[in-house]
Amino acid sequence: MQYLVSVIDDKSTPGSTDRQPAISEFNERLIAEGYWVFAGGLADTDAATVVDNRGEQAVISDGPFVESKEYLAGFWVWEAPDLDVVLKLAAEASKACDRKIEVRPFR
């Protein structure tokens with residue numbers, strides 16, 4: 001099963017900025033152990049644009065779709081046999097990147 005593993009940062013108390021070596025080491029392990037599918041870091045929410053084309057015309061607005069002190073800073077997609085494995089890895093990911101992690105299975 002595949003899981004979306006979201007990295008959640010907080011504007012009022014952000015995680016450490018020197019975590020790239022630990023994240024790279026963790027990513028290498030994910031790849032070696034066959035859990036890695038894809039990952040990416042995201043630009044700050046100031047760079048977000050929202051597009052809503054559900055009406056007569058597309059409405060394009062600057063900024064994130066929701067204002068919050070917490071925001072999605074990056075993500076992984078992992079392949080794992082079950083949620084227990086993913087939760088163990090997510091605990092390690094949280095330590096490696098010094099941020100909260102949200103785990104959601106794909107349907």
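Note that these values count all heavy atoms, side chains included, but never hydrogens, waters or copies made by symmetry.
- Cluster annotation: Val7 and Phe26 are assigned to the same hydrophobic cluster (Ile/Leu/Val/Met/Phe/Trp/Tyr, side-chain heavy-atom contacts under 4.5 Å, transitive).
- Under the 4.5 Å side-chain heavy-atom criterion for ILVMFWY residues, a single connected hydrophobic cluster contains both Leu89 and Trp36.
- Nearest heavy-atom pair, Ile101 versus Ile8, reported as atom, atom and distance to 0.1 Å: C-CD1, 4.5 Å.
- Residues Ile31 and Phe75 fall into different hydrophobic clusters, defined by Ile, Leu, Val, Met, Phe, Trp and Tyr side chains chained together at heavy-atom separations under 4.5 Å.
- In terms of heavy-atom proximity, Ala96 sits nearest to Ala22 at O-CB, 3.6 Å.
- Side-chain contact check for Ile60 versus Thr49: some heavy-atom pair is nearer than 4.5 Å.
- Judged purely by atom type and a 3.5 angstrom limit, Glu79 uses its side chain to pair as donor or acceptor with the backbone of Met1.
- Rounded to the nearest 0.5 angstrom, Arg104 CZ and Leu4 CG are separated by 7.0 Å.
- The 12-atom threshold is not exceeded at CG of Asp62, counting heavy atoms of other residues, nucleotides or ligands nearer than 6.0 Å.
- Applying the ring-ring contact (aromatic ring centres under 6.0 Å, His included) test to pairs two or more places apart or on separate chains, those with a residue in residues 78-107 are Trp76-Trp78.
- The hydrophobic clustering, which links ILVMFWY residues whose side-chain heavy atoms are closer than 4.5 Å, places Val37 and Leu42 together.
- A salt bridge between Arg29 and Glu33 is present, with a side-chain N of the basic residue lying under 4.0 Å from a carboxylate O of the acidic one.
- Atom CZ of Arg99 sits about 7.0 Å away from atom OG of Ser16, to the nearest 0.5 Å.
- By the criterion of side-chain heavy atoms lying less than 4.5 angstrom apart, applied directly or through intervening Ile, Leu, Val, Met, Phe, Trp or Tyr residues, Val103 is grouped together with Tyr35 in one hydrophobic cluster.
- The backbone N or O of Ala80 lies less than 3.5 Å from no partner atom in the side chain of Tyr3, so there is not a single donor-acceptor pair.
- Of all the heavy atoms in Tyr71 and Thr45, the pair that sits closest is CB-CG2, 3.6 Å.
- The heavy-atom pair separating Asp9 from Ala73 by the smallest distance is CB-CB, 3.9 Å.
- Under the 4.5 Å side-chain criterion, counting only non-hydrogen atoms from C-beta, Lys11 is not in contact with Glu70.
- Counting heavy atoms of neighbouring residues, nucleotides and ligands inside a 6.0 Å radius, atom CD of Gln20 exceeds 12 of them.
- Taking the charged nitrogens against the carboxylate oxygens, Asp98 and Arg19 have no contact shorter than 4.0 Å, which rules out a salt bridge.
- Of the possible donor and acceptor atoms, none in the side chain of Asn53 sits under 3.5 Å from a partner among the backbone N and O of Val59.
- A donor-acceptor contact shorter than 3.5 Å is absent between the side chain of Asp84 and the backbone of Leu87.
- For the residue pair Gly74 and Leu72, the shortest heavy atom distance occurs at O-CD1, 3.3 Å.
- In summary, the side chains of Ser24 and Glu28 do not present any donor paired with an acceptor at a separation below 3.5 Å, with no hydrogens or angles considered.
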